[in-house]
Structure formats: structure tokens, C-alpha cells
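Scope of the values below: all heavy atoms of this structure, side chains included, with no hydrogens, waters or symmetry mates.
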Amino acid sequence: MHAPFARLALVLLLLRVACGAPLGSRDGLSARRGTCVRSVCAGDFVRCQFNGTDARGHLLTSSYDRNHTLNVFVGVGELVPELDQVLLGMCVNEQRQISIPSSPTIITQGYGIPLFLGSIVKLELLVTDVWNLVDAVQVQTLFRPHQCNRTVEVSDYVRYHYNGSLLDGSLFDTSLWQNKTYNSYVGTGWLIPGVDNGIRGMCVGEQRHIVVPPFMAYGEQGAGEDDTDAAVPPNATLVFDILLLDLHNPRDRVTVKSYHVPHTCKRRTIVGDFVRYHYNGSLLDGTTFDSSYLKDKTYDTYLGKGYIIAGMEEGLLGVCVGEHRRLTIPPHLAYGEAGIVNKIPGSAVIVVHVLMVDFHNPTDSVVIETQHLPEQCSHHVHKGDFVGMHYNTSLLDGTKLYSSRTTGWTYEAIVGNGQLIPGLEQGLVGMCLGERRQLVIPPHLGFGEKGIEGEVPGSAVLRFDVELVRLEEGLPDGYIFVWKDNAPDELFPQMDNDHDEHITLTEFSTYIKTQVSQGLGRLLPGRDHDHLIGDMFRNQDRNGDGIITASELKLKRQEDEERQHDEL
């Protein structure tokens, strides 16, 4: 408190009484503009604009010409009684006129009015401000959100919009002129005391009307008088209308709230996982700055490698597939003091709503869950076996991709020859005819980073529900046909049906098909038999003349033995 204020404080406290109805002027002329914000009581300090004229109406003096108001305490002897009386009860923005004879008091105190004794002075007064040394900061909440998770405390960092005006409504400053929020710490001396106290306890989204007496604002010195757009006169009461947009504390961590966690959660994210998620990003006031939904694709990244902001790294750990989370991230774990130009303000808290679509680890293998196993199983799937299956394919979030049951056709393939994605081949090995399995296949064993355009997203984990409906035992590598037991000792005579010492394609084909039909031999499954037999015939027809002689006909083991002999 400044020294002149301190000397008067006790006296003014004793003089402070309830004010009655405004007194009429001696001339009976009074006018108010708007509502009565505050009326003058004894002991109050007032700031007035005034014009002084003589009896003929000639202007003698004016505060408007001097650009300086009349600043006095009322009812403590600083004014002649007539002025004290007319000021008592006046409201801010009220105008009154008073005609008083000049006197030695007026002449000696002056007020800048050159008068002679006996002359009449007509004063027009306009009260622009009134306050008292016992005043406190007045706080009025205009709007408060229904939900308030956190209020402003000492050492918090706040971002807010404001309009700053004098008590008469004159605007002296607004954050809208700078087109940016005012940002500051609370309780560290960065704000004038009245605002520092007035914003404590506010919620994000709350609006307050704060009236600050000058001794808790800019005091006797005022502020910014060289800048007419932001000038605060000395001893001025200030009015701030504040909308709080953001607050955080440098000690804050990420706040995580889970809205939905699936009933079954077999695994949660860890450092090193590759994640795919949808998100909406907004500021604390609800302003959206980004959304994966608008781009119609997930955000895909690794955890723990610095590819995303620290707050997201922290908030995405321990998440289940299908889980919804709300992450509130302070700026020191987000985009810091700089923010992102035209997108995220500096020192802004951000809120990210996340839906985890899927995740995997580069070290993951196929996850196999048997859902039905037949009581009898004579043969388990091996590499080279021919299989027929029904399957449903989906993403981990349940999005359906393909189902063989919609077509009614089984999918058939030879296991291990590259007809299937690696994860499906691994998941089929060991199955029995009639068995049902659920396979979870990571992208590096599925369709990789690229996926299939328009069908399978890149880096997507796949879920296959597989039922094995057909199974034929395969052949060893390199074989097209094998006998169930040993090959006949006299093979050429059996094939040479007309005994003309050479075998035609018809004779060769008839013999092989007979062996298969009688269960004595097996052809490579999953291929057209005529095509396979044609390949076999051409392999035996060494000179390509369309017939096989006894010297040309050899079993594969004989060929292998001859190759080894040649190599030796």
C-alpha cells in the first residue's frame, strides 16, 4: 500500500458507512448512463471528469483539456462541503451539475479555476471511478462448466482470454487485439495481485468478472500511458472479464482415463510394439486440431523409439486392442512452449481420445487357439499336404475382410509351397481334418507394411478362423507320384500293355491312374492328374520322341543314385 493511502486507511475505515439514495444537485440536474456499478460513499476515492464555466457559460477549466481527472477522497476534508455533498451517492458514469459561489477555499485550493471572490462557478461532473481502501477483489462467476476436474492453484500455468476495462466501461486492453491468449504462472508475481487472486479456483471453460481496486492493480502510477490503446490511469479500478482456456502445472504427468476396456484382453502394449490407432486431438477448451478419422486411416508407429511425443508414448503403454482412452497431456510432454504454428498454441495442454485398433511386436509369431478338435485324428497336416478349408478373415477390431463361406467354396492349397501367407501356413501345420482354429497373424507373417490396397490395411494384424474340411497327404519334395509300398520289380512290362517294347502316353497314363484308383500309389495332390501324368511322361521320355523305352524308364531313386555317382 502506498504511503498516502496508508495514512488515511484507518480514518477511511471509520468513515465507511452505507450510502443512501443519491443526492440531487443544487441545480437539480443529474444523469446516469447504464446501471449503477458503484455509488460514492464517504471515505471513497473518486476519479471525475469535469468542466468548469462562469455565469456567462465561458469555459474556465476542463479535465478533458488537461487529459487528467480530478482524483480525491470524498468526505475527509479534501473538498469544499458543496462538492463533497454533490459527489456523495453519485454512481459511476453518472453526470451532475452544481453551481457554487467562489470562496477563499476554492480560490486557495484552486482546482485550476481562476476566479474572483463573489463570482459563480458552474461545474459539470462525471464520475468515472470509485473505490475504497478497504475494498477487496470482487469475483463474479458468469459461467462454470458442469464438470470440473481441476481448478487453478498457485504455481499453475494458465492460458486465458480477457477484456480489460476501467470501471466506466472504457476498454484499455484485450487479448483479442493480439489474437492470442495471455499466458502466465499463478502466484509467482507475474500477474497483478488482483488478477492473481481472482483467477484462483477457476475451471477450464469458466468465465469470471473480476473487479480489482487500484492498490491491487497498477496503483498511483497507472500503466501504459504512452500507449493510448492500453493506458491505465493512476488510481484506476480495473474490470477483467476472463475466459480460462487451459491450465497445467510443470509437475503434471499424463492423465489417463479408460472409457472402455474389452472383457478379454490377452495382451497389453509394451515398449517396442508397433501400434495402429485412431485418435481425435483437441485443446482443453474442446477445439479440435487433428483427427485420424478425417484422414480415414489409422496412425501407425512404434512405441519407445521417439517417433511420437513423450505424452503419447506414456499414455499408449498398457493398452488393450479395442480399448478407448482419454489422454490429457501437459505441454512439457507435448509440443512445449513453441506449439505448432496455426494448429496448437504454445504451452497448450492437449487432449487425445485414442481407440487402439491393433498392435504387434516384430518378434511375434502366430498365436494359435484350437476351438474344436475331433476325437479321431489319423493324420496331422505337414508341409506338402493338400488342404481344403473354410475361413473367416478379420482385423483385430472385428472389421470383416473375407469369408469363404459367403461363396460356398473351400480354399484349397498345398501347405509349404508359397500359395499361402507364411502365418497361415504356420497355423495350419499340425491340424486334423475337422479341426477348427483361430489364428492371430502379425503383419510380417501376413501382408506386411503395404497390405492390400482397398482390402487389407498396411501393417495390420489379421485374425483367421479356420476349419479344415479336406486333407490329402502330400508327397516328399521333388516327387509327383509315389507307391504306397515298394515299386513293382518289373515295371516296364506292366506299363507296356501291347508288349511292343515301348510305352506310349496312353499306356503310361492308364497304368498310373489304375495304381491310384486301386490305392497302390498316389499322385501329387491338388493338381490336375492328366497334367501331372503328362509331366511324368515327358520326364521319362529322355529323347523326346514320344515313347518311353526300357532304357529310358527309371525311378527317381535310380536317377538320384546316378547323379551321386556322376558327382563322385
If you take all heavy atoms of [X] and [Y], which pair is closest and at what distance?
{"X": "His332", "Y": "Asn249", "result": "CE1-O, 3.4 Å"}
{"X": "Ile199", "Y": "Val152", "result": "O-CB, 3.4 Å"}
{"X": "Pro525", "Y": "Gly384", "result": "CG-O, 4.4 Å"}
{"X": "Val204", "Y": "Leu247", "result": "CG2-CD2, 3.3 Å"}
{"X": "Glu552", "Y": "Ile547", "result": "OE1-O, 3.2 Å"}
{"X": "Gly164", "Y": "Phe240", "result": "CA-CD2, 4.0 Å"}

Side chains of [Y] and [X]: any donor to acceptor distance under 3.5 Å?
{"X": "Thr549", "Y": "Ser551", "value": "yes"}
{"X": "Glu507", "Y": "Asn497", "value": "no"}
{"X": "Glu323", "Y": "Ser258", "value": "yes"}
{"X": "Tyr162", "Y": "Asp173", "value": "yes"}
{"X": "Ser403", "Y": "Asn392", "value": "yes"}
{"X": "Tyr391", "Y": "Glu467", "value": "no"}
{"X": "Thr407", "Y": "Arg405", "value": "no"}

So does [Y] get a backbone contact from the side chain of [X], meaning a donor-acceptor N/O pair under 3.5 Å?
{"X": "Arg268", "Y": "Gly318", "answer": "yes"}
{"X": "Glu425", "Y": "Gly416", "answer": "yes"}
{"X": "Asn163", "Y": "Asp241", "answer": "no"}
{"X": "Thr514", "Y": "Thr510", "answer": "yes"}
{"X": "His502", "Y": "Asp500", "answer": "yes"}
{"X": "Gln515", "Y": "Gly521", "answer": "no"}
{"X": "Asp385", "Y": "Gly474", "answer": "yes"}
{"X": "Thr328", "Y": "Val351", "answer": "no"}
{"X": "Asn197", "Y": "Gly194", "answer": "no"}
{"X": "Thr287", "Y": "Leu283", "answer": "no"}

Identify, with sequence neighbours excluded, every residue that meets ring-ring contact (aromatic ring centres under 6.0 Å, His included) alongside His209.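 For His209 there are no ring-ring contact (aromatic ring centres under 6.0 Å, His included) partners, ignoring immediate neighbours.
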Once ring-ring contact (aromatic ring centres under 6.0 Å, His included) is applied, do any residues pair with Phe492, and if so which ones, sequence neighbours excluded?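 Testing Phe492 for ring-ring contact (aromatic ring centres under 6.0 Å, His included), a comparison that skips the adjacent residues, returns none.
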Take Arg436 and Val466 through the test side chain to side chain contact (heavy atoms under 4.5 Å, CB included) and record every step on the way to the result. CA-CA 6 Å; Arg436 293 197 301 269; Val466 178; over 6 Å; no
Is it true that, when you exclude [X] itself, more than 12 heavy atoms of the residues, nucleotides or ligands shown sit nearer than 6.0 Å to its [atom1]?
{"X": "Asp489", "atom1": "CG", "value": "no"}
{"X": "Gln178", "atom1": "CD", "value": "yes"}
{"X": "Gln419", "atom1": "CD", "value": "yes"}
{"X": "Asp296", "atom1": "CG", "value": "no"}

Are the ring centres of His278 and Tyr293 closer than 6.0 Å? yes
In short, salt bridge (Lys or Arg N to Asp or Glu O under 4.0 Å) pairs touching residues 510-538 with sequence neighbours left out are Lys513-Asp530, Arg527-Asp535, Asp535-Arg538
Does any pair with a residue in residues 347-368 pass salt bridge (Lys or Arg N to Asp or Glu O under 4.0 Å), and if so which ones, sequence neighbours excluded? Arg267-Asp364, Arg276-Asp358
Below 4.0 angstrom, N of the basic side chain to O of the carboxylate: do [X] and [Y] qualify?
{"X": "Glu435", "Y": "Arg437", "value": "yes"}
{"X": "Lys266", "Y": "Glu369", "value": "yes"}
{"X": "Arg150", "Y": "Asp252", "value": "yes"}
{"X": "Arg200", "Y": "Asp156", "value": "no"}

As an exercise, state the distance from [atom1] of [X] to [atom2] of [Y], rounded to the nearest 0.5 Å.
{"X": "Ser184", "Y": "Leu191", "atom1": "OG", "atom2": "CG", "answer": "3.5 Å"}
{"X": "Leu439", "Y": "Leu462", "atom1": "CG", "atom2": "CG", "answer": "10.5 Å"}
{"X": "Phe359", "Y": "Ile270", "atom1": "CZ", "atom2": "CD1", "answer": "8.5 Å"}
{"X": "Glu501", "Y": "Asp496", "atom1": "CD", "atom2": "CG", "answer": "6.0 Å"}
{"X": "Ser292", "Y": "His353", "atom1": "OG", "atom2": "NE2", "answer": "12.5 Å"}
{"X": "Leu520", "Y": "Asp485", "atom1": "CG", "atom2": "CG", "answer": "8.0 Å"}

For side chain to side chain contact (heavy atoms under 4.5 Å, CB included), just list the numbers for Val381 and Leu468, CA-CA rounded to whole Å, side-chain angles, deciding distance to a tenth of an Å, and then say yes or no. CA-CA 10 Å; Val381 174; Leu468 194 63; 3.6 Å; yes
Derivation and outcome, side chain to side chain contact (heavy atoms under 4.5 Å, CB included), residues Met389 and Leu428: CA-CA 10 Å; Met389 57 184 162; Leu428 289 172; 3.9 Å; yes
Specify whether [X] and [Y] have parallel, tilted or perpendicular ring planes, treating 30° as the upper limit for parallel and 60° as the lower limit for perpendicular.
{"X": "Trp483", "Y": "Phe481", "value": "perpendicular"}
{"X": "Trp190", "Y": "Tyr185", "value": "perpendicular"}
{"X": "Tyr302", "Y": "Tyr307", "value": "perpendicular"}

Can you name the residues that form a side-chain contact (heavy atoms from CB on, under 4.5 Å) with Glu206, not counting sequence neighbours?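 Partners of Glu206 under the side-chain contact (heavy atoms from CB on, under 4.5 Å) test: Thr141, Arg144, Pro145, Met202, Cys203, Arg208.
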Is there side-chain contact between [X] and [Y], with at least one heavy-atom pair below 4.5 Å?
{"X": "Phe386", "Y": "Leu471", "result": "no"}
{"X": "Ser394", "Y": "Thr399", "result": "no"}
{"X": "Arg159", "Y": "Tyr182", "result": "no"}

For residues 337-346, please give each side-chain donor-acceptor pair under 3.5 Å, one per line with the distance, not counting sequence neighbours.
none

Check the pair Met312, Tyr299 against side chain to side chain contact (heavy atoms under 4.5 Å, CB included), reporting the backbone distance first and the verdict last. CA-CA 12 Å; Met312 290 296 292; Tyr299 191 85; over 6 Å; no
Test side-chain hydrogen bond (donor to acceptor under 3.5 Å, both in side chains) on Thr410 and His390 and set out the steps. CA-CA 5 Å; Thr410 58; His390 274 304; 5.8 Å; no
